[in-house]
Every structure is written in C-alpha cells, then in structure tokens.
Chemist: 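One structure coming up, written as structure tokens, with questions to follow.
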Amino acid sequence: MAFLEYRPKQPLFQYCSVDGFLGIVRSRQLWFSDLLSANDPREMKLGHQHFVDALKSVRHDEYRGETGLFLSVLAGRLAGAYENTQAFCCCFSLVADELPMWAAYGDGYNGLAIGFRPTAILSIPARVQKVNYLNENTAQDFRSLALEIADQLDAGRNLQDEVYWIEAAVSAIAGMTALKHQTWAYEREIRMVHVQPIAPPDEQTKAIPTGILPGGQQTMWTQPSERLSSSRKVSYLKFSYGKFENNYFDHKRAIRKIIIGPKCQLSISEVTKILSENGFEQFEVVESTCEIR
C-alpha cells in the first residue's frame, strides 16, 4: 500500500495521449518510469546534492566525533544506494485544465487528462509525495530531514544490519525524489515513487520486500520492462490501480473525471462509451475550457 508523505484529497490528473488513455483504461495499470529518464535532467541529482550537504552539516555541528559515526556510514551507504538503486515514478498534477500542461504532457493539446480518485492509487506500493520546488528554504528543509533521520537511527546498531541501512537509505532517497527545480513549479506535481535495486537481489537480500499491499502481501523485486522514448530505452514497472478489496484491485470508480484536450478528436460520447465498456462507473467527462489555434 502507499506510504503517505502527502495525503491527496482531490482528483489527481494525469495528462496523456489518446493511445495512453486507451492503454491506461484497458489495462487498468499505471506505468512507473525510471525517474532518471524524466524530462528534467536534474531529477535526483538536485536532491542528492542537497541531502549530502545537509548530512555533512549535521555531522559537523550536531554529531561530532564517534557519536556521528553512523552518519558517516549512512553517507557511504547512500552513495552506493544512489548508484545502485532505481526510483520508478508515476506523475500526477493538481492542475486540472491548463495550457502549459496540455502542451507538455497532453500530446500537444490532442490528448486527455485523467482525474483519478485518491482511493485509486492508495493501494499501490509506492510513496505518495507532493513535489517540493527549489526555494530559499530548501537547504534548511534538507537539514531538517537529515536531523530527523539521525534522530531515528540508533548509533549502537550493528553496522552489518543490511535491512537497517536499506531503510535509512530509502528514507533519504525519498527526500531526494521529492525535489525539483523551480522552473517546473507550474506542474503542481504529485508523484508516486517505487524504489528497488537496479540489479536482481542476491541470497542475502532476496527476502527484503520492496513494498506491501493493503492485505499484508509483500511485493518483491521485479524485472523492469523497457520502452522506447525519443530513440532511447526507458525502464518502467506496471502497477494495477483501484481500491484494493478481497485481494483484488477494483477499478470501477477509480476515475472521477476525464477532460478532453483542446484539439482532441474524441467526443464526450466516445470517451464515455470507452470508459463504460471497460467497466468504469460514476465518472464525468467534459471538454477543456482552454482554446488554442
């Protein structure tokens, strides 16, 4: 189930092409793509540098000498995790109908925006984050995160405890994945992030889950699929969406609203028919209020 760093209370919109819309509706799955393949080349790198700087500051000021040894271990582990871990991300927006979003993500105004109910995504084994955009408080925010992790760590813990350090590194990586440059602030992004090692687990780590479903079933490392995007390969994972009940993802009421893009060729009746034929209920279909030549 989702780890809520942010609890959504309104529909979360995903802008997509007509083909993307049909794929999401028919498969009842969402694709989580490798975050390093995102359109912002600073993804992860920006957050990583800020966290490393914050960790050094906390180590120097609050945890000097041997008492801060575990933070030095964390820094080393984090460097390895950063190189050997893949963060898969599915992006949504609080923005329901705006031209910049249609241009960037709605297939050049020809696509649709799918408004998911929050209950549709809360069973997915991933972190739900509200993206933080770089500002004058970013350095202090990361310092607070480093202090929070430091407070939770037990300096007397066995430094060979792999689960312990993996959990600490995942908490740090979560802070990194939630930061973007301020030039993307118009997106008002909410993202879900699922983290797993790049390489398949070995005998020592194969029993460590990557997440958990609401019924208690653990999710384990999964071999990513690949797709081509702008002539380059992008790794991704697929997750079912919907309210999880009786060991089943019920998608019927997953979609609250569909907005048809300014240049989309589908009509309200056509979109309604597609949703109904695929078992969706209690949704609204409207046309965008945006206009563009």
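Below, each value reflects all heavy atoms present in this structure, side chains not excepted, and no hydrogens, waters or symmetry copies. Note that the coordinates shown come from a computational prediction; the quantities given were computed from them, not determined experimentally.
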Chemist: With distance as the sole test, does Thr219 use its side chain to make a donor-acceptor pair with the main-chain N or O of Gly211 at under 3.5 Å?
Modeler: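 Yes; at least one donor-acceptor contact below 3.5 Å.
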Chemist: To the nearest 0.5 angstrom, please state how far the OH atom of Tyr236 sits from the OG atom of Ser33.
Modeler: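 The OG atom of Ser33 is 8.5 Å from OH of Tyr236, to the nearest 0.5 Å.
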Chemist: To the nearest 0.5 Å, tell me how far Phe280 CZ sits from Ile255 CD1.
Modeler: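 The CD1 atom of Ile255 is 4.0 Å from CZ of Phe280, to the nearest 0.5 Å.
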Chemist: Ignoring hydrogens and angles, tell me if any N or O in the side chain of Arg232 forms a donor-acceptor pair with the backbone of Ser37 under 3.5 Å.
Modeler: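 Indeed, once roles are kept as given, a pair shorter than 3.5 Å links the two residues.
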Chemist: Donor-acceptor pair, Arg191 side chain versus Thr177 backbone, under 3.5 Å?
Modeler: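 Yes.
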Chemist: Ignoring hydrogens and geometry, is there a side-chain-to-backbone donor-acceptor pair from His194 to Pro125 under 3.5 Å?
Modeler: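 Checking the backbone N and O of Pro125 against the side chain of His194, a donor-acceptor pair under 3.5 Å is found.
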Chemist: With a 3.5 Å distance limit and no angle check, can you tell me whether Arg127 reaches the backbone of Val195 through a side-chain donor-acceptor pair?
Modeler: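 Side chain of Arg127 to backbone of Val195, a donor-acceptor pair under 3.5 Å: no, none is there.
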Chemist: Around Arg253, counting heavy atoms of other residues, nucleotides and ligands shown, do more than 12 lie under 6.0 Å from its CZ?
Modeler: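 Incorrect, the count does not exceed 12.
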Chemist: Counting the benzene-type ring for Trp, do Tyr133 and Trp184 have ring centres under 6.0 Å apart?
Modeler: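 They do not qualify: ring centres at least 6.0 Å apart.
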Chemist: Do Phe3 and Met220 share a hydrophobic cluster, counting only Ile, Leu, Val, Met, Phe, Trp and Tyr and linking them when any side-chain heavy atoms are less than 4.5 Å apart?
Modeler: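 Different clusters: Phe3 never reaches Met220 through Ile, Leu, Val, Met, Phe, Trp or Tyr contacts under 4.5 Å.
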Chemist: Between Arg256 and Pro11, is any pair of side-chain heavy atoms under 4.5 Å apart?
Modeler: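 They are in contact (side-chain heavy atoms under 4.5 Å apart), so the answer is yes.
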Chemist: Walk me through it: do Glu226 and Ser235 pass the test side-chain contact (heavy atoms from CB on, under 4.5 Å)?
Modeler: CA-CA 5 Å; Glu226 286 189 339; Ser235 299; 4.2 Å; yes
Chemist: Answer yes or no: is there a donor N or O on one side and an acceptor on the other, between the side chain of Gln140 and the main chain of Asn137, under 3.5 Å?
Modeler: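 Checked: no pair found.
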Chemist: For Tyr109 and Ala103, work out which heavy atoms get closest and say how close.
Modeler: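 So the two residues come closest at OH-CB, 3.4 Å.
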Chemist: Are Phe116 and Val285 in one and the same hydrophobic cluster, where Ile, Leu, Val, Met, Phe, Trp and Tyr link if side-chain heavy atoms are under 4.5 Å apart?
Modeler: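 Shared cluster, yes.
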Chemist: Run the side-chain contact (heavy atoms from CB on, under 4.5 Å) test on Glu187 and Asp40 for me, step by step, so that the C-alpha distance in whole Å, both residues' side-chain angles and the decisive distance to 0.1 Å come before the verdict.
Modeler: CA-CA 12 Å; Glu187 296 178 342; Asp40 182 359; over 6 Å; no
Chemist: Would you call Arg143 and Asp61 a salt bridge, taking side-chain N to carboxylate O under 4.0 Å as the test?
Modeler: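 Salt bridge: yes.
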Chemist: Any idea which heavy atoms bring Leu213 and Ser123 closest together, and the distance?
Modeler: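 Taking every non-hydrogen atom into account, CD2-O, 3.9 Å.
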Chemist: Is there a donor-acceptor pair closer than 3.5 Å between any side-chain N or O of Gln265 and the backbone N or O of Lys263?
Modeler: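 Flag set: sc Gln265 to bb Lys263 pair under 3.5 Å.
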Chemist: How close do Leu237 and Thr222 get, counting heavy atoms only, and between which atoms?
Modeler: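 Between these two residues, the closest heavy atoms are CD2-O, 3.9 Å.
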Chemist: Please step through side-chain contact (heavy atoms from CB on, under 4.5 Å) for the pair Met192 and Phe92, ending with a clear verdict.
Modeler: CA-CA 8 Å; Met192 297 194 75; Phe92 306 90; 3.9 Å; yes
Chemist: Looking only at non-hydrogen atoms, find the nearest pair between Gln196 and Phe88 and report the distance.
Modeler: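 Scanning both residues, the minimum pair turns out to be CG-CE1, 4.0 Å.
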Chemist: Among the clusters formed by ILVMFWY side chains lying less than 4.5 Å apart, do Leu12 and Ile114 turn up in the same one?
Modeler: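 As far as the 4.5 Å side-chain criterion goes, Ile114 and Leu12 are connected within one cluster.
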Chemist: So if you build clusters from Ile, Leu, Val, Met, Phe, Trp, Tyr with side-chain heavy-atom gaps below 4.5 Å, do Val18 and Val25 land together?
Modeler: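 Per the 4.5 Å side-chain linkage, Val18 and Val25 are co-clustered.
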Chemist: Thinking salt bridges, do Lys180 and Glu43 make one under a 4.0 Å N-O criterion?
Modeler: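 Answer for the salt bridge query: yes.
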Chemist: Do any N or O atoms from the side chain of Glu5 and from the backbone of Lys130 form a donor-acceptor pair under 3.5 angstrom?
Modeler: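 No.
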Chemist: Ignoring hydrogens and angles, tell me if any N or O in the side chain of Asn246 forms a donor-acceptor pair with the backbone of Tyr248 under 3.5 Å.
Modeler: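 No: the side chain of Asn246 does not pair with the backbone of Tyr248.
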Chemist: Going through the distances and angles, do His251 and Tyr241 end up as a ring-ring contact (aromatic ring centres under 6.0 Å, His included)?
Modeler: CA-CA 6 Å; His251 71 283; Tyr241 60 82; 7.2 Å; no
Chemist: State, to 0.1 Å, how close Ser17 and Leu112 come at their nearest heavy-atom pair, and which atoms those are.
Modeler: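 Closest approach of Ser17 to Leu112, heavy atoms only: O-CD1, 4.3 Å.
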Chemist: Applying salt bridge (Lys or Arg N to Asp or Glu O under 4.0 Å), can you list everything that pairs with Lys252, at least two apart in sequence or on another chain?
Modeler: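 By the salt bridge (Lys or Arg N to Asp or Glu O under 4.0 Å) rule, Lys252 matches Asp250.
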Chemist: Would you confirm whether Tyr15, through its side chain, and Ala96, through its main-chain N or O, come within 3.5 Å as a donor-acceptor pair?
Modeler: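 Such a contact is found between Tyr15 side chain and Ala96 backbone.
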Chemist: List for me each residue that meets side chain to side chain donor-acceptor pair (under 3.5 Å) alongside Thr138, sequence neighbours excluded, and say none if there are none.
Modeler: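 Thr138 satisfies side chain to side chain donor-acceptor pair (under 3.5 Å) with no other residue.
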Chemist: What distance separates Leu94 CG from Lys9 NZ, expressed to the nearest 0.5 Å?
Modeler: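 Interatomic distance, Leu94 CG to Lys9 NZ, rounded to 0.5 Å: 12.5 Å.
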Chemist: Side chains of Phe21 and Asp107: closer than 4.5 Å at any heavy-atom pair?
Modeler: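 A side-chain contact is absent here, since even the closest heavy-atom pair is not under 4.5 Å.
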Chemist: Going by heavy atoms in the side chains, are Gln182 and Asn135 under 4.5 Å from each other?
Modeler: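 No. Closest side-chain heavy atoms not under 4.5 Å.
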Chemist: How far does NE2 of His50 sit from CG of Leu179, to the nearest 0.5 angstrom?
Modeler: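 Atom-to-atom, His50:NE2 and Leu179:CG are 6.0 Å apart.
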Chemist: Atom CG in Leu22, atom OG in Ser27: separation rounded to 0.5 Å?
Modeler: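 Result: 10.5 Å between the selected atoms.
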Chemist: Between atom NZ of Lys243 and atom CZ of Phe249, what is the distance when rounded to the nearest 0.5 Å?
Modeler: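 The NZ atom of Lys243 sits 13.0 Å away from the CZ atom of Phe249.
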Chemist: Considering residues, nucleotides and ligands other than His181, do more than 12 of their heavy atoms fall under 6.0 Å from its NE2?
Modeler: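 Enclosed: over 12 neighbouring heavy atoms sit under 6.0 Å from NE2 of His181.
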Chemist: For residues Ile24 and Trp31: do they belong to one hydrophobic cluster (side chain heavy atoms under 4.5 Å, members Ile, Leu, Val, Met, Phe, Trp, Tyr)?
Modeler: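 As far as the 4.5 Å side-chain criterion goes, Trp31 and Ile24 are not connected within one cluster.
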Chemist: Test Phe142 against Asn132 for side-chain contact (heavy atoms from CB on, under 4.5 Å), laying out the working first.
Modeler: CA-CA 11 Å; Phe142 269 85; Asn132 300 311; over 6 Å; no
Chemist: Check whether any side-chain heavy atom of Ile260 sits under 4.5 Å from a side-chain heavy atom of Glu270, and report yes or no.
Modeler: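 In short, these two side chains do not touch, never coming nearer than 4.5 Å.
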Chemist: State, to 0.1 Å, how close Ile124 and Ala120 come at their nearest heavy-atom pair, and which atoms those are.
Modeler: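 Closest approach of Ile124 to Ala120, heavy atoms only: CD1-O, 4.5 Å.
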Chemist: Do the non-hydrogen side-chain atoms of Asn84 and Pro197 ever get within less than 4.5 Å of each other?
Modeler: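 No. Closest side-chain heavy atoms not under 4.5 Å.
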Chemist: Side-chain contact, heavy-atom cut-off 4.5 Å: Phe283 with Thr272?
Modeler: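 Yes - at least one pair of side-chain heavy atoms lies under 4.5 Å apart.
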